[in-house]
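Would you mind keeping the following structure in view while I ask a few things?
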Amino acid sequence: MSRTAMADIGSSPLPLLFRRRSSGEIRNLATVSSSILPAFGTVVDDGYSHLKKYVIVPYDQRYRWWQTFLVVLVLYSAWASVFELAFNKTARGPLLIVDLVVDMFFAIDIVLTFFVAYLDKSTYLLVDDHKKIALRYVTRVWFFMDITSTLPYQFIFRIFIGAWHDGEVFSFLNLLRLWRLWRVSEFFKRLEKDTRFSYFWTRLLKLLGVIVFAVHSAGCFYYWLARHHKTPANTWIGSAIEDFKHRSVWLCYTYSIYWSIVTLTTVGYGDLHAVNTGEKIFNMIYMLFNIGLTAYTIGNMTNLVVHAAVRTFAMRDALNELLRYASKNRLPEGLREQMMAHMQLKFKTAELQQEEVLQDLPKAIRSSIAQHLFRRTVEKSYLFNGVSEDLVSQLVSDMKAEYFPPKVEIILQNEIPTDFYILVSGAMDLLTYKNGTEQFLSKLGAADMAGEIGVIFNIPQPFTVRTKRLSQVVRISHHHFKQMIQPQSEDGKIIIANFMKYLQGLKEDVLQEIPFLTELLADQTQKPTEQNEEQQNRETLDSQDANPEGRTGTSSLPGESTIRVIIHGHHPSQGTSSDRLGKLVYLPDSLQDLFNLAEKKFGKRGSTILMADGSKVEELNVLRENDHLFVV
């Protein structure tokens, strides 16, 4: 990519999402931050992706690979430019051919840049006009620097003059190739934003590259000073190697790198040291530079290490706070262990839950994640067996996933029913306490539910639920559950039927913990018998052509009335906690039948039926499912 295109796009605060049609779909969303996004209000249709002929989109996959290949060539250029300055004999040897090939590739890139579209920062649209692309590139400093850093000056001089130049001017001109290092910087910026690569190792590789280049450059410049000193023996390397100018290039390069590393690390063995004034000045400058380089390296490494351990520090601080709180309030040892286990599990499972990340996602994506993770578990639970797909989708979207460590109570007996749980994985025990003694009732496994009895009956939780091992659950709020069920009358009937069937299958010792359940289930058992008797009476009356108004049945047929109500034998403003539970019954055909049913349930005759708000009921057809009726 051209320097101009990279500069504009790199400085743009907006992520870029546009892709040319020829480059195909976005295969990896990890690199989506490097695509083009139009400004708000800009209309972009499918025709926008058709750029002019012979125009290269800067984010085309093939062009990206070309840029990556050039980064490799830049690394060679950066090493060779300084190396050939210090050891000028190599500039006319085998490295000359390699330099010419590398310069050829960069010359090709200059030509390609005249065909690379750029981003207009005023409209945030790609400009594909050839004249504008060329004018913009030529009138900026990057074109001049690309040309000057690509020309093979020594080779051009050899063509026109017919001999090699022995001076240092061409070696210094070759240092212009260091201009290409901006490509390496842009390459690492792109890698740091690409989630396919580890940020830690990317930054570490970048820091290592900076240190190696600094060591290489300092060693070569230091050797260049020794090679140009008027007295070779009065130099740092001349005092160690006699006639070093005629020795092997790689031997001298090894001494140079050795000195540079020893100086950079501030070891200073003293075997290679500055001898003349020029070398001492260079040593002082280099050591001052090393102070900044060391500070830069240590600062970056510290940030990387702290970033990796920040969650550990947060966990340790939270655990210490818990311990201080438990000690200050003299909490029992068992409760301390539960607090510590829960806090440790919270940090261990944070990467799996990632509530902070999910909160930033759109609701549709969060719902899709929940559907993928928990829909099958909800469908397996007995309470929602047979309900509509819409209700299951609503329930799953509103669920919250949680982890609980072993031996932790997630529901306490007699607490307010605010939520109920579906066990995704793990195991739990259903417990009760009698006279201070803990009694085991049953075991819960995957897809079993806990807390739903208290939520549906709106009574204090009748049991304690404790985890046996590490358990994952999904939690449903009582309030949200009620809101979702109210408009779904058919699903509500299915849920009540599933619930009653589940209660009928409970063990006797479990039923004894909820006294009114025995009477409720007995009523449900007697109901089919009463309905059969009523059906027989109805058929007898019909065969005798009886007057319908004279019907005296005490219960309605299922086909005529399936409305269920909760009746109470006291005034709405009175009653004990046990009276508030009421009796769940089918709504009879008439007020008189309702009075008779209430007398049978409560042992006293009433004369008035009131609603919860005190209003008087005069007609039964105005009542709805699960209404509370008070017979006084």
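Computed from a predicted model, the values in this text were never measured in an experiment. No hydrogens, no waters, no symmetry mates; every other heavy atom, side chains included, goes into these values.
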Inset, instruction - Could you tell me the separation between the CD atom of Gln394 and the CD1 atom of Ile485, rounded to the nearest 0.5 Å? - result: 8.5 Å

Legend entry - Ser388 and Asp390 side chains, donor-acceptor separation under 3.5 Å: no

Inset, instruction - Give the C-alpha distance, both sets of side-chain angles, the deciding distance and a yes or no for side-chain contact (heavy atoms from CB on, under 4.5 Å) between Val473 and Met428. - result: CA-CA 11 Å; Val473 301; Met428 299 181 182; 3.1 Å; yes

Legend entry - Note, Val378 side chain near Met399 side chain (heavy atom, < 4.5 Å): yes

Legend entry - Residue among His480, Gln486, His479 satisfying side-chain hydrogen bond (donor to acceptor under 3.5 Å, both in side chains) with Gln483: His479

Inset, instruction - Without swapping roles, check the side chain of Lys380 against the backbone of Ala446 for a donor-acceptor pair under 3.5 Å. - result: no

Legend entry - Partners passing ring-ring contact (aromatic ring centres under 6.0 Å, His included) against Phe481 (at least two apart in sequence or in another chain): Phe420

Inset, instruction - Return yes when atom CZ of Arg605 has more than 12 non-hydrogen atoms of other residues, nucleotides or ligands closer than 6.0 Å, and no otherwise. - result: yes

Inset, instruction - Would you indicate whether Phe200, at its atom CZ, is surrounded by more than 12 heavy atoms from other residues, nucleotides or ligands within a distance under 6.0 Å? - result: yes

Inset, instruction - Indicate the atoms forming the closest heavy-atom contact of Arg336 with Ser327, along with that distance. - result: NH2-CA, 3.6 Å

Inset, instruction - Hey, could you give me the CG/NZ distance between Asp429 and Lys407, rounded to the nearest 0.5 Å? - result: 10.5 Å

Inset, instruction - Ignoring hydrogens and angles, tell me if any N or O in the side chain of Gln413 forms a donor-acceptor pair with the backbone of Tyr433 under 3.5 Å. - result: yes

Inset, instruction - For the pair Met339 and Leu331, evaluate side-chain contact (heavy atoms from CB on, under 4.5 Å) and give the outcome as yes or no after the intermediate values. - result: CA-CA 10 Å; Met339 294 167 60; Leu331 298 180; 3.6 Å; yes

Legend entry - Test item: Leu391 and Leu395 side chains (from C-beta on) under 4.5 Å apart, heavy atoms: yes

Inset, instruction - Taking the side chain as every heavy atom from C-beta outward, state whether Leu597 and Tyr586 have any atom pair closer than 4.5 Å. - result: no

Inset, instruction - To the nearest 0.5 angstrom, please state how far the NZ atom of Lys616 sits from the CG atom of Leu610. - result: 8.5 Å

Inset, instruction - Tell me, please, which residues at least two apart from Asp448 pass side-chain hydrogen bond (donor to acceptor under 3.5 Å, both in side chains). - result: none

Legend entry - For Phe499, ring-ring contact (aromatic ring centres under 6.0 Å, His included) partners two or more places apart: Phe457

Legend entry - side-chain contact (heavy atoms from CB on, under 4.5 Å) between Phe384 and Asp491, intermediate numbers included: CA-CA 9 Å; Phe384 305 113; Asp491 287 332; over 6 Å; no

Inset, instruction - Taking Gln461 for its side chain and Pro417 for its backbone only, find out whether a donor-acceptor pair lies under 3.5 Å. - result: no

Inset, instruction - I would like to know whether Val631 and Lys601 meet side-chain contact (heavy atoms from CB on, under 4.5 Å); could you show each step before the answer? - result: CA-CA 11 Å; Val631 183; Lys601 295 294 183 183; over 6 Å; no

Legend entry - Nearest non-hydrogen partners of Ser397 and Ala370, listed with the distance: CA-CB, 4.4 Å

Legend entry - Test item: Leu594 and Leu629 side chains (from C-beta on) under 4.5 Å apart, heavy atoms: yes

Legend entry - Side-chain heavy atoms of Phe602 within contact of Lys583, under 4.5 Å: yes

Inset, instruction - Classify the ring geometry between Phe630 and His568 as parallel (under 30°), tilted (30 to 60°) or perpendicular (over 60°). - result: parallel

Inset, instruction - Of all the heavy-atom pairs spanning Lys493 and Arg564, show the shortest one and how long it is. - result: CA-NH2, 4.2 Å

Inset, instruction - Specify the closest pair of heavy atoms between Ile563 and Glu625, including all atoms of both residues, with the distance to one decimal. - result: CA-OE1, 3.5 Å

Inset, instruction - With the side chain counted from C-beta on, respond yes when Val465 and Tyr421 share a heavy-atom pair under 4.5 Å apart, and no when they do not. - result: no

Inset, instruction - Determine whether Val565 and Val585 make a side-chain contact, defined as any pair of heavy atoms from C-beta on separated by less than 4.5 Å. - result: yes

Legend entry - Whether Thr467 side chain and Val408 backbone form a donor-acceptor pair below 3.5 Å: yes

Legend entry - Distance, nearest 0.5 Å, that separates CG of Leu623 from CG of Leu587: 5.5 Å

Legend entry - Distance (rounded to the nearest 0.5 Å) between Leu430 CG and Leu506 CG: 9.0 Å

Inset, instruction - Measure from the side-chain N and O atoms of Arg375 to the backbone N and O of Val392, and report whether any donor-acceptor pair falls under 3.5 Å. - result: no

Inset, instruction - Look up atom CG in Leu431 and atom CZ in Arg466, then write down how far apart they are to the nearest 0.5 Å. - result: 5.0 Å

Inset, instruction - For residues Leu591 and Glu618, determine if any side-chain heavy atom of one lies less than 4.5 Å from a side-chain heavy atom of the other. - result: no

Legend entry - Side-chain ion pair, Glu321 and Arg324, N-O less than 4.0 Å: yes

Legend entry - Least distance between heavy atoms, Phe374 atom then Val424 atom: CD2-CG2, 4.1 Å

Inset, instruction - Might you point out which heavy atoms bring Pro406 and Leu470 nearest each other, and give the distance in Å? - result: CG-N, 3.6 Å

Inset, instruction - Answer yes or no: is there a donor N or O on one side and an acceptor on the other, between the side chain of Gln371 and the main chain of Ser393, under 3.5 Å? - result: yes

